Amino acid sequence: MRAGRVTVIGHRGAPYDHRENTLASLRAALEAGADAVEIDVRLTADRVPVLLHDPTLERLWGHDRRLSSLTYSQVDEVTAGGVPTLRDALALTAGYPAARALVDLPDPAAARAAVTEVHESGAADRAYYCGGGRSMLAVRAADPAAELALSWSRTAPPRPELLARVRPRWLNYHFGLVTRDLVERAHGDGYLFAAWTTDTLRAARRLGRAGVDAVTTNRVAAVRAAL
(Lines give C-alpha, C1' and ligand atoms only; values in the text may rest on other atoms or scores of the structure.)
Protein backbone atom coordinates (compact mmCIF):
# COMPACT_ATOMS: atom_id res chain seq x y z
CA MET A 1 0.00 0.00 0.00
CA ARG A 2 1.25 3.46 -0.87
CA ALA A 3 0.99 6.08 1.87
CA GLY A 4 -1.79 8.58 1.28
CA ARG A 5 -3.18 6.67 -1.69
CA VAL A 6 -6.09 4.27 -1.88
CA THR A 7 -4.99 0.98 -3.40
CA VAL A 8 -7.12 0.08 -6.44
CA ILE A 9 -7.48 -3.65 -7.10
CA GLY A 10 -8.69 -5.01 -10.43
CA HIS A 11 -11.42 -7.57 -9.69
CA ARG A 12 -10.48 -10.66 -11.70
CA GLY A 13 -8.56 -8.20 -13.86
CA ALA A 14 -10.67 -5.99 -16.11
CA PRO A 15 -13.75 -8.16 -16.79
CA TYR A 16 -15.67 -5.48 -18.70
CA ASP A 17 -12.90 -5.54 -21.30
CA HIS A 18 -11.82 -9.18 -21.32
CA ARG A 19 -13.05 -12.46 -19.93
CA GLU A 20 -12.41 -12.48 -16.17
CA ASN A 21 -9.40 -14.29 -14.69
CA THR A 22 -7.60 -14.48 -18.03
CA LEU A 23 -4.16 -13.11 -18.76
CA ALA A 24 -5.67 -10.52 -21.10
CA SER A 25 -7.96 -9.34 -18.32
CA LEU A 26 -5.12 -9.06 -15.80
CA ARG A 27 -2.93 -7.22 -18.27
CA ALA A 28 -5.71 -4.74 -19.08
CA ALA A 29 -6.26 -3.94 -15.39
CA LEU A 30 -2.56 -3.38 -14.81
CA GLU A 31 -2.27 -1.20 -17.90
CA ALA A 32 -5.24 0.82 -16.61
CA GLY A 33 -3.33 1.60 -13.42
CA ALA A 34 -4.36 -1.12 -10.96
CA ASP A 35 -2.08 -1.40 -7.94
CA ALA A 36 -3.04 -5.07 -7.66
CA VAL A 37 -5.13 -7.67 -9.41
CA GLU A 38 -7.46 -10.04 -7.58
CA ILE A 39 -7.41 -13.58 -8.98
CA ASP A 40 -9.56 -16.56 -8.00
CA VAL A 41 -7.66 -19.82 -7.63
CA ARG A 42 -9.01 -23.37 -7.69
CA LEU A 43 -7.46 -26.78 -8.31
CA THR A 44 -7.80 -29.12 -11.27
CA ALA A 45 -8.11 -32.88 -10.74
CA ASP A 46 -4.33 -33.19 -10.86
CA ARG A 47 -3.99 -30.35 -8.32
CA VAL A 48 -2.75 -27.61 -10.62
CA PRO A 49 -3.76 -24.18 -9.28
CA VAL A 50 -5.58 -22.29 -12.04
CA LEU A 51 -7.61 -19.09 -12.31
CA LEU A 52 -11.35 -19.72 -12.09
CA HIS A 53 -13.97 -18.32 -9.75
CA ASP A 54 -16.77 -20.84 -10.29
CA PRO A 55 -16.55 -24.56 -9.50
CA THR A 56 -17.54 -25.36 -13.10
CA LEU A 57 -16.54 -24.13 -16.56
CA GLU A 58 -20.13 -23.45 -17.59
CA ARG A 59 -20.56 -19.69 -17.09
CA LEU A 60 -17.30 -18.56 -18.63
CA TRP A 61 -16.39 -21.34 -21.02
CA GLY A 62 -19.68 -23.04 -21.92
CA HIS A 63 -18.79 -26.47 -20.54
CA ASP A 64 -20.96 -27.85 -17.75
CA ARG A 65 -18.09 -29.72 -16.15
CA ARG A 66 -16.56 -29.33 -12.73
CA LEU A 67 -13.02 -28.08 -12.69
CA SER A 68 -12.13 -30.65 -10.04
CA SER A 69 -13.08 -33.47 -12.44
CA LEU A 70 -10.66 -32.37 -15.18
CA THR A 71 -6.89 -32.50 -15.40
CA TYR A 72 -5.08 -29.33 -16.34
CA SER A 73 -4.39 -30.65 -19.84
CA GLN A 74 -8.12 -31.31 -20.29
CA VAL A 75 -9.00 -27.81 -19.07
CA ASP A 76 -6.42 -26.37 -21.42
CA GLU A 77 -7.90 -28.32 -24.32
CA VAL A 78 -11.59 -27.49 -23.77
CA THR A 79 -10.88 -23.78 -23.18
CA ALA A 80 -8.34 -23.46 -26.01
CA GLY A 81 -5.70 -22.39 -23.51
CA GLY A 82 -7.92 -19.74 -21.98
CA VAL A 83 -7.62 -20.70 -18.31
CA PRO A 84 -4.21 -19.64 -17.01
CA THR A 85 -2.33 -21.35 -14.23
CA LEU A 86 -1.47 -19.41 -11.10
CA ARG A 87 2.14 -19.62 -12.23
CA ASP A 88 1.21 -17.94 -15.53
CA ALA A 89 -0.57 -15.14 -13.68
CA LEU A 90 2.30 -14.55 -11.29
CA ALA A 91 4.74 -14.43 -14.19
CA LEU A 92 2.61 -11.81 -15.91
CA THR A 93 2.30 -9.61 -12.82
CA ALA A 94 6.07 -9.80 -12.33
CA GLY A 95 6.32 -7.59 -15.41
CA TYR A 96 4.68 -4.79 -13.42
CA PRO A 97 7.11 -4.31 -10.52
CA ALA A 98 4.85 -2.02 -8.50
CA ALA A 99 1.82 -4.32 -8.74
CA ARG A 100 0.71 -7.11 -6.45
CA ALA A 101 -1.43 -10.23 -6.85
CA LEU A 102 -4.32 -10.77 -4.45
CA VAL A 103 -5.01 -14.50 -4.45
CA ASP A 104 -8.67 -15.18 -3.63
CA LEU A 105 -9.43 -18.71 -2.49
CA PRO A 106 -13.13 -19.62 -2.88
CA ASP A 107 -12.19 -23.23 -2.05
CA PRO A 108 -10.06 -23.74 1.10
CA ALA A 109 -8.72 -26.98 -0.42
CA ALA A 110 -6.65 -24.92 -2.85
CA ALA A 111 -4.83 -22.96 -0.16
CA ARG A 112 -1.74 -25.10 0.34
CA ALA A 113 -1.13 -25.60 -3.38
CA ALA A 114 -1.56 -21.87 -4.00
CA VAL A 115 0.90 -20.97 -1.25
CA THR A 116 3.41 -23.48 -2.60
CA GLU A 117 3.10 -22.04 -6.11
CA VAL A 118 3.52 -18.48 -4.86
CA HIS A 119 6.75 -19.40 -3.10
CA GLU A 120 8.10 -21.53 -5.94
CA SER A 121 7.39 -18.65 -8.35
CA GLY A 122 9.41 -16.26 -6.18
CA ALA A 123 6.31 -14.14 -5.62
CA ALA A 124 5.93 -14.28 -1.84
CA ASP A 125 6.87 -10.60 -1.49
CA ARG A 126 4.27 -9.43 -4.03
CA ALA A 127 1.35 -11.77 -3.40
CA TYR A 128 -1.20 -11.78 -0.62
CA TYR A 129 -4.39 -13.71 0.01
CA CYS A 130 -8.08 -13.07 0.63
CA GLY A 131 -11.12 -15.17 1.37
CA GLY A 132 -13.43 -16.37 4.11
CA GLY A 133 -12.40 -17.70 7.47
CA ARG A 134 -11.83 -21.32 6.42
CA SER A 135 -9.66 -20.34 3.46
CA MET A 136 -7.61 -17.88 5.48
CA LEU A 137 -7.07 -20.41 8.26
CA ALA A 138 -5.80 -22.85 5.63
CA VAL A 139 -3.38 -20.26 4.25
CA ARG A 140 -2.20 -19.37 7.75
CA ALA A 141 -1.48 -23.04 8.42
CA ALA A 142 0.49 -23.30 5.18
CA ASP A 143 2.41 -20.04 5.62
CA PRO A 144 2.62 -18.42 9.07
CA ALA A 145 4.12 -15.27 7.51
CA ALA A 146 1.56 -14.76 4.73
CA GLU A 147 -0.25 -11.43 4.39
CA LEU A 148 -3.98 -12.07 4.68
CA ALA A 149 -7.17 -10.12 3.99
CA LEU A 150 -10.15 -11.65 5.78
CA SER A 151 -13.20 -11.16 3.55
CA TRP A 152 -16.44 -10.32 5.34
CA SER A 153 -20.04 -9.81 4.19
CA ARG A 154 -22.02 -9.88 7.43
CA THR A 155 -23.15 -7.05 9.67
CA ALA A 156 -21.86 -8.88 12.75
CA PRO A 157 -18.08 -8.37 13.02
CA PRO A 158 -15.58 -11.24 12.85
CA ARG A 159 -15.27 -13.06 16.15
CA PRO A 160 -12.17 -12.23 18.20
CA GLU A 161 -11.25 -15.92 18.23
CA LEU A 162 -11.24 -16.03 14.43
CA LEU A 163 -9.16 -12.86 14.18
CA ALA A 164 -6.66 -14.27 16.67
CA ARG A 165 -6.25 -17.45 14.63
CA VAL A 166 -6.18 -15.85 11.16
CA ARG A 167 -4.06 -12.83 12.15
CA PRO A 168 -5.10 -10.80 9.09
CA ARG A 169 -3.40 -7.60 8.06
CA TRP A 170 -6.57 -6.50 6.25
CA LEU A 171 -10.28 -6.62 6.92
CA ASN A 172 -11.92 -6.93 3.51
CA TYR A 173 -15.60 -5.92 3.72
CA HIS A 174 -18.40 -5.90 1.19
CA PHE A 175 -18.62 -2.26 0.15
CA GLY A 176 -22.28 -1.92 1.13
CA LEU A 177 -21.41 -2.47 4.80
CA VAL A 178 -18.65 0.13 4.99
CA THR A 179 -19.03 3.17 7.23
CA ARG A 180 -16.50 5.66 8.53
CA ASP A 181 -17.02 4.35 12.07
CA LEU A 182 -16.32 0.78 10.95
CA VAL A 183 -13.13 1.82 9.18
CA GLU A 184 -11.96 3.87 12.15
CA ARG A 185 -12.55 0.97 14.53
CA ALA A 186 -10.58 -1.35 12.27
CA HIS A 187 -7.72 1.15 12.06
CA GLY A 188 -7.83 1.54 15.82
CA ASP A 189 -7.45 -2.22 16.18
CA GLY A 190 -4.42 -2.17 13.90
CA TYR A 191 -5.96 -3.45 10.65
CA LEU A 192 -5.88 -2.05 7.14
CA PHE A 193 -9.33 -1.81 5.59
CA ALA A 194 -10.39 -2.93 2.11
CA ALA A 195 -13.78 -2.86 0.37
CA TRP A 196 -15.14 -5.07 -2.43
CA THR A 197 -16.51 -4.85 -5.15
CA THR A 198 -17.79 -1.50 -6.34
CA ASP A 199 -18.08 -0.05 -9.83
CA THR A 200 -20.03 3.18 -9.31
CA LEU A 201 -18.17 6.44 -8.89
CA ARG A 202 -20.56 7.59 -6.18
CA ALA A 203 -19.81 4.51 -4.09
CA ALA A 204 -16.08 4.84 -4.74
CA ARG A 205 -16.11 8.43 -3.49
CA ARG A 206 -18.07 7.38 -0.41
CA LEU A 207 -15.51 4.71 0.36
CA GLY A 208 -12.71 7.22 -0.09
CA ARG A 209 -14.37 9.59 2.38
CA ALA A 210 -14.80 6.71 4.83
CA GLY A 211 -11.03 6.28 4.85
CA VAL A 212 -10.62 2.84 3.28
CA ASP A 213 -7.14 1.73 2.31
CA ALA A 214 -8.13 -0.32 -0.75
CA VAL A 215 -11.04 -0.75 -3.16
CA THR A 216 -11.66 -3.73 -5.43
CA THR A 217 -13.42 -2.86 -8.68
CA ASN A 218 -14.20 -4.01 -12.20
CA ARG A 219 -13.57 -0.44 -13.47
CA VAL A 220 -10.00 0.39 -12.50
CA ALA A 221 -9.46 3.61 -14.43
CA ALA A 222 -12.84 5.12 -13.52
CA VAL A 223 -12.58 4.30 -9.82
CA ARG A 224 -8.98 5.50 -9.70
CA ALA A 225 -10.13 8.85 -11.11
CA ALA A 226 -13.03 9.04 -8.62
CA LEU A 227 -10.72 8.43 -5.70
Side-chain angles (χ1 to χ4, degrees), residues 1-16 20-21 25-26 28-41 53 89-90 93 96-106 114 118 123-133 135-136 139-140 146-154 157-158 163 166-227:
M1 186 186 73
R2 306 176 193 180
R5 172 186 170 102
V6 178
T7 296
V8 176
I9 303 167
H11 182 237
R12 307 174 192 170
Y16 289 167
E20 67 183 51
N21 278 320
S25 187
L26 304 186
L30 293 167
E31 292 292 339
D35 300 300
V37 284
E38 181 260 1
I39 53 179
D40 300 285
V41 174
H53 175 271
L90 294 172
T93 59
Y96 299 82
R100 305 183 76 195
L102 177 57
V103 179
D104 193 342
L105 294 163
V118 164
D125 61 341
R126 55 187 176 83
Y128 60 131
Y129 305 84
C130 72
S135 290
M136 293 302 93
V139 175
R140 180 58 71 217
E147 181 178 340
L148 306 186
L150 178 63
S151 298
W152 206 251
S153 58
R154 285 172 267 172
L163 293 171
V166 171
R167 292 184 285 113
R169 187 180 186 209
W170 298 80
L171 296 183
N172 186 34
Y173 268 75
H174 185 276
F175 80 97
L177 298 175
V178 177
T179 64
R180 177 179 286 276
D181 286 346
L182 182 62
V183 176
E184 289 179 351
R185 285 200 300 272
H187 286 163
D189 290 336
Y191 300 109
L192 295 174
F193 198 100
W196 55 272
T197 299
T198 185
D199 293 339
T200 71
L201 306 189
R202 180 177 181 180
R205 294 187 187 104
R206 180 180 67 81
L207 294 171
R209 290 193 298 269
V212 303
D213 302 292
V215 174
T216 299
T217 180
N218 295 303
R219 301 177 63 202
V220 169
V223 167
R224 163 68 69 212
L227 290 167

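Note that the structure is predicted; figures quoted are calculated from it, not measured.
Summarising the geometry, atom OH belonging to Y191 is positioned 9.0 Å from atom CG belonging to L150; distances are rounded to the nearest 0.5 Å. To the nearest 0.5 angstrom, L207 atom CG is 12.5 Å from R202 atom CZ. Of the inter-residue distances, the one linking R209 atom CZ with L227 atom CG reads 10.5 Å to the nearest 0.5 angstrom. The CD atom of E147 sits 7.0 Å away from atom CH2 of W170, with the distance rounded to the nearest 0.5 Å. For the atom pair CG (N172) and CG (L102), the distance works out to 7.0 Å, reported to the nearest 0.5 Å. The distance from the CD1 atom of I39 to the OG1 atom of T93 is 7.0 Å, given to the nearest 0.5 Å.
Summarising the geometry of P15 relative to S25, their closest heavy-atom pair is N-OG, 3.7 Å, with the distance given to 0.1 Å. The nearest pair of heavy atoms linking L201 to V223 is CD2-N, 4.3 Å. When all heavy atoms are compared, the tightest approach of A114 to V103 is CB-CG1, 4.5 Å. Considering every non-hydrogen atom in both S153 and L177, the closest pair reads C-CD1, 3.5 Å. A pairwise comparison of heavy atoms in A34 and G10 identifies CB-N, 4.1 Å as the closest pair. G33 approaches R5 most closely through the heavy-atom pair O-NH2, 4.3 Å.
The pair R12-D104 does not meet the salt-bridge criterion, since no charged nitrogen lies less than 4.0 angstrom from a carboxylate oxygen.
A heavy-atom distance below 4.5 Å is not found between the side chains of F175 and V212. Side-chain contact between D213 and T7 is absent, with no heavy-atom pair separated by less than 4.5 Å. The closest side-chain heavy-atom distance from P157 to Y173 is below 4.5 Å.
Side chain of S135 to backbone of L105: a donor-acceptor contact under 3.5 angstrom is found. Between the side chain of N21 and the backbone N or O of D40 there is at least one donor-acceptor pair closer than 3.5 Å. Under a 3.5 Å cut-off, the side chain of T197 and the backbone N or O of T217 do not form any donor-acceptor pair. A donor-acceptor pair is defined here as one N or O able to donate and one able to accept, closer than 3.5 Å; such a pair exists between the side chain of R206 and the backbone of V178.
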Check step by step if side-chain contact (heavy atoms from CB on, under 4.5 Å) holds for Y96 and V37. CA-CA 11 Å; Y96 299 82; V37 284; over 6 Å; no
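Ring-centre distance between H174 and W196: below the 6.0 Å cut-off.
None of R100, R224, R126 except one satisfies the salt bridge (Lys or Arg N to Asp or Glu O under 4.0 Å) rule with D35; the exception is R224.
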